[in-house]
Protein chains: 2
Amino acid sequence: MGFSNSQESHPADLPAALTIADSIRHHNLPGAFTEPVAYAKEQSILSEGELATDIHIVVSGAVRLFKMMPDGRRQIIGFAFPGDMLGLSLDDRYLHSAEAISPVILRHMGRRQLAALLERDHGLRKALLAWTMTELQIAQDQMLLLGRKDATERLSSFLLTLLQRRNHSTEDRHLPLAMTRTDIADYLGLSMETVSRTISLLKGRRLIRPLADHSIELLNVPGLRDLAAGNAIAVQLDP
Amino acid sequence: MGFSNSQESHPADLPAALTIADSIRHHNLPGAFTEPVAYAKEQSILSEGELATDIHIVVSGAVRLFKMMPDGRRQIIGFAFPGDMLGLSLDDRYLHSAEAISPVILRHMGRRQLAALLERDHGLRKALLAWTMTELQIAQDQMLLLGRKDATERLSSFLLTLLQRRNHSTEDRHLPLAMTRTDIADYLGLSMETVSRTISLLKGRRLIRPLADHSIELLNVPGLRDLAAGNAIAVQLDP
DNA sequence: CGACCTGTTGATCGTGGTCAAGATTAGTGG
DNA sequence: CCACTAATCTTGACCACGATCAACAGGTCG
């Protein structure tokens, strides 16, 4: 879930960052997860406050994780893609809700079974700690974005973290957007109209090119990086 | 660092939430930390991007953790009080900066020594995982606050989490504020003028009473809870 | 006691939200 | 496969919340 915008660095003596799915594959834990379960687009996977019976791993598709306020305001906390985990929580209730953005396939595992595995498998413990710390870092970057960045900076940051996430074969600047404008808005703390306007603005400045199939081509990654970091001066408003 | 606004729930089979300091005391790890080190008010403790050589435990005083943008915009990621840890990171660089808000006393421990302790001590590993997950939960609550709450809701949430943090002997509604208005503003994603105005507003509605010594008395906790949750309708704008 | 820092309050402005009207795309069924 | 409908997206006009600029008050410390 979520994305980090920080520069990557070399892992030292603390556990390295792998996806949980990687880790479970790597540590060869057979039969830990159920068979794949399919969810339709827009289907609810779990809800904030519910009893946290299971954790889930995304096999395919995309998921949004979010919190709601009583009057309907929504904050998307992150997105989950294949390899990502959802539903982990310290207490026995889920911390946020999750819905399928596209058709999704998940595997899940009982909470007590995870706890038992963790008791046995040192590598898995390390992987879980690494995952949690990575998520924390992502969340803290997002706090800076939500608290202090303007709409253009938010959009640029979002696109770049998506690019990094999908760590494309180095020079593929083509981003498929699984989520709607409304989802992006609720992730970036904006209205969907502002997201739309800001995309048009970046398009006008030749930084991106929105394509017909809900995907975006990044035409000027360094320019986007300047914007995302808040060096707005460095980017020309050329004709 | 930081605070959680979520309702507390019963810990289940995953590790319980203790402060790291508690855990180290509890697990009886002698000589793990250095002797206490004093920092003056406003003194820098560590800086984002620096080599992460040590982790620190707050013995006394208050610390702000923050990220800066190149043009000086600041987002405070959390505050650290006695018993809290700072400086933990997956890679070898600090993720954010830390400064003493008041005179502060810290103990620290080398990164490799922590890693060695973690290899040996199962309980400490659990405590560290619990700590990280608690911080993640706090950060996600803060994402909702920063992305979707208005100034009044932010202030109310902040005061309530402070109250909960300092888990006062049940009925003490008296909050000493260690930080300035500017710090609160940079934590809540507001300007310091808006923080000041919002405090005056809550004071006008008889929800709080700011005292002379930088502390605030909470006069109507249920009312503040309604505001914090976004049930603004439930609160009267009485004369 | 005076200088400075922190906080309060007022006046004005601007970014982004809201409301609204079209345009485009996707979905559905004949 | 196309026609019709519905959802998503774009763009425009206006508005409001909170930012900025500014003046002043209170508190703190040398």
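Since this is a predicted model, take the numbers as computed values, not measurements. Lettering of chains follows the sequences in order, A, B, ..., and the numbering in each one begins at 1.
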Atom pair CD (Q142(B)) and CD (Q142(A)), whose distance is rounded to the nearest 0.5 Å: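 So the gap between those two atoms works out to 12.5 Å.
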
Rounded to the nearest 0.5 Å, what separation is found between the CD1 atom of I199(B) and the CG atom of L207(B)?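 These two atoms lie 12.5 Å from each other.
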
So does [X] pair up with [Y], basic N to acidic O under 4.0 Å?
X       : Y       : result
R93(B)  : E50(B)  : no
E153(B) : R73(A)  : yes
K149(A) : D141(A) : no
D186(A) : R148(B) : yes
E99(A)  : R64(A)  : yes

Once you round it to whole Å, what is the distance between [atom2] of [N] and [atom1] of [X]?
X       : N       : atom1 : atom2 : value
L201(A) : dT15(C) : CG    : P     : 12 Å
L177(A) : dT10(D) : CG    : P     : 11 Å
L146(A) : dG16(C) : CG    : P     : 13 Å
R154(B) : dC17(D) : CZ    : C1'   : 11 Å
I199(A) : dG16(C) : CD1   : C1'   : 15 Å
K203(B) : dG7(C)  : NZ    : C1'   : 11 Å
D183(A) : dA7(D)  : CG    : P     : 16 Å
L211(A) : dC9(D)  : CG    : P     : 15 Å

Please identify each residue that fulfils side-chain contact (heavy atoms from CB on, under 4.5 Å) with P36(A), with sequence neighbours left out.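 Once residues adjacent in sequence are excluded, the partners of P36(A) under the side-chain contact (heavy atoms from CB on, under 4.5 Å) criterion are I105(A), R107(A).
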
Angle between ring planes, H108(B) versus H56(B), binned at 30° and 60°: parallel, tilted or perpendicular?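 It falls in the tilted class, 30° to 60°.
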
With respect to the phosphate group of dT11(D), does any side-chain polar atom (N or O) of S200(A) fall under 4.0 Å of OP1 or OP2?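 Yes, such a contact exists.
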
R181(B) side chain, from C-beta outward: closest of dG18(D), dT8(C), dG16(C):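 Side chain of R181(B) sits closest to dT8(C).
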
Got a list of protein N/O to nucleotides 17-22 of chain C N/O distances below 3.5 Å?
from	atom 1	to	atom 2	distance (Å)
dG17(C)	OP1	S191(A)	N	3.3
dG17(C)	OP2	S191(A)	N	3.1
dG17(C)	OP2	S191(A)	OG	3.0
dG17(C)	OP2	T194(A)	OG1	2.4
dT18(C)	O4	R197(A)	NH2	2.8
dC19(C)	N4	E193(A)	OE2	3.1

Using a 4.0 Å heavy-atom cut-off, does T180(B) contact any base of the nucleic acid, only the sugar-phosphate backbone, or nothing at all?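 Touches sugar-phosphate only.
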
Restricting both atoms to N or O, compile the protein contacts to nucleotides 25-29 of chain D shorter than 3.5 Å, with distance only.
none

